[in-house]
Amino acid sequence: MTRTGALAVALAFSVGAPAQAPKPFDPLAFFTGPTQGRGELKELVGKAKRTYVQSIGRVDKDGWLILDQTVKVEGDPDRQRRWRLKQVAPGKYRGTLSDAKGPVEAEVNGQTGHIRYVMKGGIKVEQVLTPLSGGRALSNRATFRKFGMKVATLNERIEKK
C-alpha cells in the first residue's frame, strides 16, 4: 500500500461517523414523571432565598401536559400550583398556570425553551430552560419584571427523578 493509501485508510477510521445534532428539547417528555428543582430566588430587596420544587407530570389523552407542583420558598408558606401545556404548532406551546392571570406561551428553539406569562399581581415572567449535559437536568433562569423593572431572578436546576 502506498503512503498516500495508508494515510487515507487511517483518516477514514479516525473520522468515523459524523456527529449527530442533539434532538430539540421536548418539554412534554422532560416533565412527564417526577422532577425536582433546587434554586435561589434573588429579589430586588432582601437576601436571596432558597427554593425547592417537587413536580409530577403526565400527558393526558388529548396531549396536554399536566404538571402539579409543590413550591417551597425559604421563609414563605408552601404552595401548590398546576401547569397545563399543549403543543399547538412545531416548537410552540400554549396553556395555563394556576398562579398566572393569563395564558402561558412557550417556544422551543433547538435546545432552548422560552416560557412567558403574567402572574397575578402583574409581574411578567420570562423563563429560559436549557438542558444540561446528559439530558436528565435543566437550567431554569427566570426573570420577573414589574412596570418594566427587574424585581427578581431565579436560578434553578431541575432534575428528572
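This one's a predicted model, so the numbers in the text were calculated from it and none came from an experiment.
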Heavy-atom nearest pair, F30 first then A137, reads CE1-N, 3.9 Å
Verify whether the ring centers belonging to W83 and Y117 lie closer than 6.0 Å. yes
With T70 as partner, the option from Q54, Q80, R79 fulfilling side-chain hydrogen bond (donor to acceptor under 3.5 Å, both in side chains) is Q80
I'd like to know if D76 and K49 make a salt bridge, using a cut-off of under 4.0 Å between side-chain N and carboxylate O. yes
Charged N-O contact under 4.0 Å between E105 and R116: no
Apply the test side chain to side chain donor-acceptor pair (under 3.5 Å) to residues Q36 and K161: give CA-CA distance (whole Å), side-chain angles for both, the deciding distance (0.1 Å), then the verdict. CA-CA 7 Å; Q36 84 179 15; K161 303 228 13 173; 3.3 Å; yes
Between K120 and S98, the two heavy atoms sitting closest are NZ-O, 3.0 Å
Between the CE atom in M119 and the NZ atom in K146, the distance rounded to the nearest 0.5 Å is 10.5 Å
Open item on the list: Less than 4.5 Å apart, side chain to side chain, heavy atoms only: is that true for N140 and L154?
Closed with: yes
Item checked: I115 and V104, any side-chain heavy atoms less than 4.5 Å apart -> yes
Less than 4.0 angstrom from a charged side-chain N to a carboxylate O is my criterion; do R157 and E159 meet it? yes
Next item on the list: Verify the neighbour count for atom CZ of R50: are there more than 12 heavy atoms of other residues, nucleotides or ligands below 6.0 Å?
Entry: no
| task | Give the cluster check for L97 versus I56: same hydrophobic cluster or not, with ILVMFWY residues linked at side-chain heavy-atom distances below 4.5 Å. | result | no
(message) Between Q69 and S55, does the side chain to side chain donor-acceptor pair (under 3.5 Å) criterion hold? Intermediate values first, please.
(response) CA-CA 4 Å; Q69 297 182 313; S55 304; 3.1 Å; yes
Grouping ILVMFWY residues whenever side-chain heavy atoms fall under 4.5 Å, the cluster of V45 otherwise contains none
Worksheet entry | E40/K42 salt bridge by N-O under 4.0 Å criterion | yes
- Look at the side chain of D60 and the backbone N and O of G63, then say whether any donor-acceptor pair between them is shorter than 3.5 Å. yes
Applying salt bridge (Lys or Arg N to Asp or Glu O under 4.0 Å) to R38 and not counting sequence neighbours gives none
message: Any salt bridge linking D62 with K86? Criterion: basic side-chain nitrogen under 4.0 Å from a carboxylate oxygen.
response: no
Between the CG atom in L41 and the CG atom in N155, the distance rounded to the nearest 0.5 Å is 9.5 Å
